[in-house]
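Here's the structure we're looking at; comments come further down.
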There are 2 protein chains.
Amino acid sequence: MSKVKVSSTNFANKQALSDECSEVYAANIIGGQWSLAIVSWLINGKLRFGQLKKLMPGITERMLTLQLRKLEENKIVTRTVYAEIPPRVEYELTPIGYELKPIIKHLEIWGDKHKSL
Amino acid sequence: MSKVKVSSTNFANKQALSDECSEVYAANIIGGQWSLAIVSWLINGKLRFGQLKKLMPGITERMLTLQLRKLEENKIVTRTVYAEIPPRVEYELTPIGYELKPIIKHLEIWGDKHKSL
DNA sequence: TAGGGTACTATAAATAATGTAAGTAATGTC
DNA sequence: GACATTACTTACATTATTTATAGTACCCTA
């Protein structure tokens, strides 16, 4: 996460593939280690930072923050801050985020089937 | 690619997530930098190593080999070697590989829509 | 004998992603 | 004043993935 080197071959390759293949573009957006899991949880409704953390015991706060920021940048989730103390921040899927639902469902079905091979 | 440290936290997290979320499991399988692109090309029929290479100008032979091997391990593609000189090797999707087709289609549609936001 | 074609493999290096550990700010409660 | 709560941030370490470059084996053709 954080910094990518825009002059790297890797970056160029990703760009090129994303440009010509929308499915690769999509995969890059939801392709972080935790992104899909986060989106899966949010499909059932908005959640707070701390709730997500509890739902995914393995994730660190840093990673959760990074992934949420990336999802926010990509307009998959919205972030709402309530000016309270202690702070409260809620994350919710955007319309285009919700549209990932059928894809996730298909991936899940396919994954189950694949596991049982 | 190649070696992962099975004692790392990263590995453990991936395992745990894959176990409980079939969609994450699926995403891990098709999640390499080039995997989805390769599968996309193969959906139209079998291709040789060299043909894939030409279709994806940016990929190195090493990467192509690694990704194909991973796909083969995961039963997404079959590898057929013809004992000829010069050698000929054909890659083709397995049945479960072909079942990725609707998913890829959806990803593509979603990706297009997302791009136009 | 030299060079070409095909599908690789080996090794090293660079880049990217993830994890660890500690610290911050604001305020309310004990 | 010490401590708890919440949602982070920062600096650094580790691991994973991708790229770069060169070389291999086989036989055929010129």
Side-chain angles (χ1 to χ4, degrees), chain A residues 1-17 24 27-38 46-72 77 79-91, chain B residues 1-17 24 27-38 46-54 56-70 72 77 79-91:
Chain A
M1 219 89 228
S2 30
K3 313 171 186 193
V4 289
K5 195 165 183 179
V6 297
S7 64
S8 72
T9 306
N10 190 313
F11 182 81
N13 280 334
K14 247 178 201 157
Q15 283 278 96
L17 274 177
V24 174
N28 282 339
I29 288 181
I30 58 173
Q33 162 106 57
W34 305 90
S35 298
L36 213 48
I38 293 173
K46 63 174 91 166
L47 289 170
R48 297 178 58 177
F49 185 88
Q51 294 179 301
L52 283 166
K53 205 174 79 177
K54 262 176 217 133
L55 288 167
M56 297 179 284
I59 203 171
T60 61
E61 301 193 335
R62 174 181 144 77
M63 265 298 122
L64 185 49
T65 303
L66 284 175
Q67 301 276 0
L68 284 169
R69 288 286 188 284
K70 184 184 167 199
L71 289 171
E72 196 191 352
V77 306
R79 176 167 178 270
T80 312
V81 184
Y82 295 89
E84 304 170 359
I85 296 291
R88 179 161 63 103
V89 181
E90 288 183 343
Y91 292 92
Chain B
M1 217 93 230
S2 29
K3 313 171 186 190
V4 287
K5 195 164 183 180
V6 297
S7 63
S8 74
T9 307
N10 190 315
F11 181 81
N13 280 334
K14 245 176 202 160
Q15 283 278 95
L17 273 177
V24 175
N28 281 340
I29 288 182
I30 57 172
Q33 162 106 58
W34 304 91
S35 299
L36 212 50
I38 293 172
K46 64 173 93 166
L47 289 170
R48 299 179 56 176
F49 185 88
Q51 294 179 302
L52 283 167
K53 205 174 79 177
K54 262 175 219 134
M56 296 179 285
I59 202 171
T60 60
E61 302 194 336
R62 175 178 147 77
M63 262 298 119
L64 185 50
T65 302
L66 284 175
Q67 302 276 358
L68 285 169
R69 289 286 189 285
K70 184 183 165 198
E72 196 190 355
V77 307
R79 175 166 179 271
T80 312
V81 184
Y82 294 89
E84 305 169 354
I85 297 290
R88 177 160 64 102
V89 181
E90 287 183 345
Y91 293 92

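What you are looking at is a predicted structure, and each value in this text was computed from that prediction instead of being measured. We name chains A, B, ... by the order of the sequence lines, and we start the count at 1 in each one.
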For [X] and [N], give me the distance from atom [atom1] to atom [atom2], rounded to whole Å.
X	N	atom1	atom2	value
Phe11(B)	dT14(D)	CZ	P	20 Å
Asn13(A)	dA14(C)	CG	C1'	14 Å
Met56(B)	dT19(D)	CE	C1'	15 Å
Phe49(A)	dT9(D)	CZ	C1'	11 Å
Leu64(B)	dA20(D)	CG	C1'	16 Å
Arg62(A)	dT9(D)	CZ	P	11 Å
Arg79(A)	dT6(D)	CZ	P	16 Å
Leu36(A)	dT18(C)	CG	P	13 Å

Considering every strand and a 4.0 Å limit on heavy-atom distances, what is the contact class for Thr65(A): base, sugar-phosphate, or nothing?
base

When we call it a touch if two heavy atoms are under 4.0 Å apart, what does Thr60(A) touch: a base, just sugar-phosphate, or nothing?
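Base contact.
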
Holding to side-chain contact (heavy atoms from CB on, under 4.5 Å), I want the full list of residues that pass it with [X], two or more places apart in sequence or in another chain.
X	value
Glu90(A)	Lys46(A), Arg48(A), Tyr82(A), Arg88(A)
Val81(A)	Arg79(A), Val89(A)
Thr65(A)	Phe49(A), Arg69(A)
Ala27(B)	Leu36(A)

Considering only side-chain heavy atoms of [X], which listed nucleotide, [options], is closest?
X	options	result
Arg48(B)	dT15(C), dT6(C), dT17(D)	dT6(C)
Thr9(B)	dA16(D), dT20(C), dT15(C)	dT20(C)
Gln33(B)	dA16(D), dG19(C), dT18(D)	dT18(D)

Does [X] put a side-chain nitrogen or oxygen below 4.0 Å from OP1 or OP2 of [N]?
X	N	value
Lys14(B)	dT17(D)	yes
Ser8(A)	dA16(C)	yes
Gln67(A)	dT18(C)	yes

Pick out which of Leu68(A), Leu47(A), Leu64(A) makes a side chain to side chain contact (heavy atoms under 4.5 Å, CB included) with Tyr91(A).
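Result: among Leu68(A), Leu47(A), Leu64(A), Leu68(A) is the only option passing the side chain to side chain contact (heavy atoms under 4.5 Å, CB included) with Tyr91(A).
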
Please report the interatomic distance CE(Met56(A)) to CE(Met63(A)), rounded to the nearest 0.5 Å.
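Output value for this atom pair is 12.0 Å.
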
Close approaches to DNA chain C from residues 80-89 of chain B, in residue order (heavy atom, under 4.0 Å)
Pro86(B), Pro87(B), Arg88(B), Val89(B)

List for me each residue that meets side chain to side chain donor-acceptor pair (under 3.5 Å) alongside Asn28(B), sequence neighbours excluded, and say none if there are none.
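So Asn28(B) forms a side chain to side chain donor-acceptor pair (under 3.5 Å) with Ser18(B).
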
Hey, which of these two, Trp34(B) or Asn10(B), hits DNA chain D nearer its 5' end, going by closest nucleotide?
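On the 5' side of the pair lies Asn10(B).
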
